[in-house]
Amino acid sequence: LAKTTQPISMDSYEGQEVNITCSHNNIATNDYITWYQQFPSQGPRFIIQGYKTKVTNEVASLFIPADRKSSTLSLPRVSLSDTAVYYCLVGYTGNQFYFGTGTSLTVIP
Amino acid sequence: DAGVIQSPRHEVTEMGQEVTLRCKPISGHNSLFWYRQTMMRGLELLIYFNNNVPIDDSGMPEDRFSAKMPNASFSTLKIQPSEPRDSAVYFCASSLLVRRETDTQYFGPGTRLTVL
């Protein structure tokens, strides 16, 4: 059963917009897409969740195309404090809690 | 609320010793999860409970690992005997089980286990 696929790492300069894409080809009709953020020496924390189209909160935006086979987390104007690992989760039946290795984002001054 | 509480925060032990990790979920949450994180394998689900009942323990690596949740406010993860390859950060998380597809997990600070 296919799981989520994300880039292993990304670098960005401060002030730029960062987009992290997650592939989830086998997403089911009832599945939501959830992103978590993990800072060093801390547990992951929820940042955003969506089902389709676009969701925005005070931290990030989540873009989901009509076929829902992928999603993109967008972080506007990143700062050094956004350096973290970002995980994409999709609620596959029986495999709802697959975090994997995530995407390690490094923000450069 | 104090959030999810884990103890100890750091544990160093010798191979063959028993290790017990403890977790107190957020009050009112009725799902509890144990995860293990390593550089090589990332964050892996070991076991989770709904209303104190183990639902899926397929992630428990072997019989040396066991988990219990005697009541809604306490859970333990035990490793007996411990081995060096068990060295990792162990996280406990809890959630309010309303709708599984949208439940948000709240993680504790983790226990860093080192087995010598």
Side-chain angles (χ1 to χ4, degrees), chain A residues 1 3-9 20 22 24 26-52 55 57-60 62 64 68 71 73 84-105, chain B residues 1-10 21 23-26 29 31-50 54-60 88-114:
Chain A
L1 181 65
K3 300 174 181 176
T4 58
T5 302
Q6 304 174 233
I8 293 175
S9 64
I20 305 174
C22 178
H24 28 80
N26 291 350
I27 190 168
T29 302
N30 293 335
D31 289 337
Y32 279 68
I33 299 154
T34 308
W35 285 79
Y36 285 79
Q37 174 190 56
Q38 184 179 25
F39 296 115
S41 301
Q42 295 185 25
R45 67 172 188 172
F46 171 90
I47 48 175
I48 199 166
Q49 183 180 78
Y51 183 79
K52 61 180 179 181
V55 179
N57 62 21
E58 65 278 6
V59 177
L62 179 59
I64 305 168
R68 304 202 326 124
S71 58
L73 174 72
V85 179
Y86 293 83
Y87 298 93
C88 163
L89 272 73
V90 176
Y92 293 116
T93 301
N95 193 25
Q96 300 164 333
F97 312 117
Y98 175 73
F99 278 80
T101 55
T103 298
S104 179
L105 171 66
Chain B
D1 197 313
V4 175
I5 299 172
Q6 292 186 247
S7 65
R9 292 294 310 277
H10 302 274
L21 310 181
C23 175
K24 176 179 169 55
I26 292 173
H29 282 190
S31 285
L32 183 138
F33 310 81
W34 282 101
Y35 289 87
R36 177 174 66 176
Q37 186 170 41
T38 61
M39 288 293 294
M40 291 299 295
R41 300 175 67 87
L43 193 60
E44 303 173 283
L45 177 69
L46 300 177
I47 185 172
Y48 77 94
F49 298 82
N50 284 347
I55 302 301
D56 184 354
D57 65 354
S58 59
M60 296 286 261
V89 180
Y90 291 81
F91 287 103
C92 175
S94 69
S95 73
L96 184 61
L97 179 57
V98 176
R99 180 182 175 187
R100 179 52 72 205
E101 294 90 340
T102 56
D103 284 348
T104 297
Q105 296 181 52
Y106 295 83
F107 283 76
T111 295
R112 181 173 296 277
L113 173 65
T114 302

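Atom set for the values below is all heavy atoms of this structure, side chains included, hydrogens, waters and symmetry mates excluded. Here is how names work: the chains are called A, B, and so on, in the same order as the sequence lines, proteins then strands, and each is numbered from 1.
Distance check, rounded to the nearest 0.5 Å: OG1 of B:Thr104 to OH of A:Tyr36 gives 5.0 Å. Between B:Tyr106 atom OH and A:Arg45 atom CZ the span is 12.0 Å, to the nearest 0.5 Å.
Neither the backbone nor the side chain of B:Gln6 comes within less than 4.5 Å of any heavy atom in chain A. Residue contact with chain B, scored on non-hydrogen atoms closer than 4.5 Å, is absent for A:Tyr51. With a threshold of 4.5 angstrom between heavy atoms, A:Gln42 approaches chain B through N, CA, C or O but not through any side-chain atom.
For B:Asn50, the side chain to side chain donor-acceptor pair (under 3.5 Å) partners are B:Ser31, B:Arg100, not counting sequence neighbours.
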Please report, to 0.1 Å, the donor-acceptor pairs under 3.5 Å made by any side chain of residues 38-47 of chain B, with sequence neighbours excluded.
| residue | atom | partner | partner atom | Å |
| --- | --- | --- | --- | --- |
| B:Thr38 | OG1 | B:Arg41 | N | 3.1 |
| B:Arg41 | NE | B:Glu44 | OE1 | 3.3 |
| B:Arg41 | NE | B:Glu44 | OE2 | 2.7 |
| B:Arg41 | NH2 | B:Glu44 | OE2 | 2.9 |

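Ring centroid separation for the pair B:Phe91 and A:Phe99 does not come in under the 6.0 Å cut-off.
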